[in-house]
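Got a structure for you, written out below as structure tokens; questions coming shortly.
These figures come from a predicted structure and were not determined experimentally.
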Amino acid sequence: MPLVTAFNLRREDPLSEIEEALRHALISAPALEINEYEVDLVPVYEPDGFRATVARINVDLWELPTRTKDALQDLATRVARAFQSVVGEERKVKVVIRPYDVEKAGWVSF
């Protein structure tokens with residue numbers, strides 16, 4: 001269940017295109033076992049009157065044996081490039097992939 005939070009988005013950013021690009025980037029590595037229907041994007045606009053120089057994208061993933069440090073590093077690069085493919089390569093972006101242990105976390109879906 002990947003939760004993708006994108007901070008410091010601009011009002012003119014095309015959200016549907018960003019969501020599609022990030023979703024595709026996340027599912028583009030089959031070994032990571034990320035299902036398209038599980039990806040939830042939470043867009044957060046930069047505050048009025050504040051022009052952020054960097055967008056930040058956090059991706060929360062459950063831990064799996066196939067989600068190694070190298071695989072997650074590659075995934076972070078894919079997500080960053082996907083974001084820039086929509087908004088422009090001049091936009092700075094930081095991507096953080098944060099795995100957590102679903103066996104230790106409380107979680108529910110209604």
Look only at the side chain of R56 and the backbone of A6, and say whether a donor-acceptor pair between them is shorter than 3.5 Å.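 Here the side-chain-to-backbone pair does not exist.
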Nearest heavy-atom neighbours spanning L75 and A25: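 Heavy atoms only, the tightest pair is CD1-O, 3.6 Å.
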Drop me the distance from L3's CG to R98's CZ, to the nearest 0.5 angstrom.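 Those atoms lie 8.0 Å apart.
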Please give me the minimum heavy-atom distance between L64 and L32, naming the atom from each residue.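 Scanning both residues, the minimum pair turns out to be CD1-O, 4.1 Å.
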Partners of D48 by salt bridge (Lys or Arg N to Asp or Glu O under 4.0 Å), sequence neighbours excluded?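 Residues passing salt bridge (Lys or Arg N to Asp or Glu O under 4.0 Å) with D48: R11.
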Salt bridge (charged side-chain N to carboxylate O under 4.0 Å, His left out): pairs with one or both residues in residues 82-92, sequence neighbours excluded: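 Passing the test, one end in residues 82-92: D13-R91.
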For L26 and V79, which heavy atoms make the closest approach, and how far apart are they?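 Looks like CD2-CG2, 3.8 Å.
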Separation of L72 CG from L61 CG (nearest 0.5 Å):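 L61 CG to L72 CG: 6.5 Å, rounded to 0.5 Å.
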Qualifying residues under side chain to side chain donor-acceptor pair (under 3.5 Å), relative to Q73, sequence neighbours excluded: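 Applying side chain to side chain donor-acceptor pair (under 3.5 Å) to Q73 gives none.
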For I97 against A76, the heavy-atom pair lying closest together: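 Looking at all heavy atoms of both residues, the closest pair is CG1-CB, 3.8 Å.
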Suppose the criterion is salt bridge (charged side-chain N to carboxylate O under 4.0 Å, His left out): which pairs have a residue in residues 72-81, not counting sequence neighbours?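 Listed once each, the pairs are D74-R78.
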Test item: D60 side-chain N/O and P2 main-chain N/O as donor-acceptor pair under 3.5 Å: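 Such a contact is absent between D60 side chain and P2 backbone.
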Quick one: list whatever passes side chain to side chain donor-acceptor pair (under 3.5 Å) with E12, sequence neighbours left out.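 Listed in chain order: R51.
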Can you tell me how far the CD atom of E46 sits from the CZ atom of F7, to the nearest 0.5 Å?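 Nearest 0.5 Å value for the CD-CZ distance: 13.5 Å.
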Exercise: identify the closest heavy-atom pair between P99 and E63: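 Heavy atoms only, the tightest pair is CB-CG, 3.8 Å.
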Check A82 against A21 and note the closest heavy-atom contact, atom names and distance.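 It is CB-O, 3.5 Å.
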CA sep, side-chain torsions, deciding dist, call: V54, V93, side-chain contact (heavy atoms from CB on, under 4.5 Å): CA-CA 5 Å; V54 177; V93 61; 5.6 Å; no
What pairs meet the salt bridge (charged side-chain N to carboxylate O under 4.0 Å, His left out) rule with one or both residues in residues 17-37, with sequence neighbours excluded?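 Non-adjacent pairs meeting salt bridge (charged side-chain N to carboxylate O under 4.0 Å, His left out): E19-R23.
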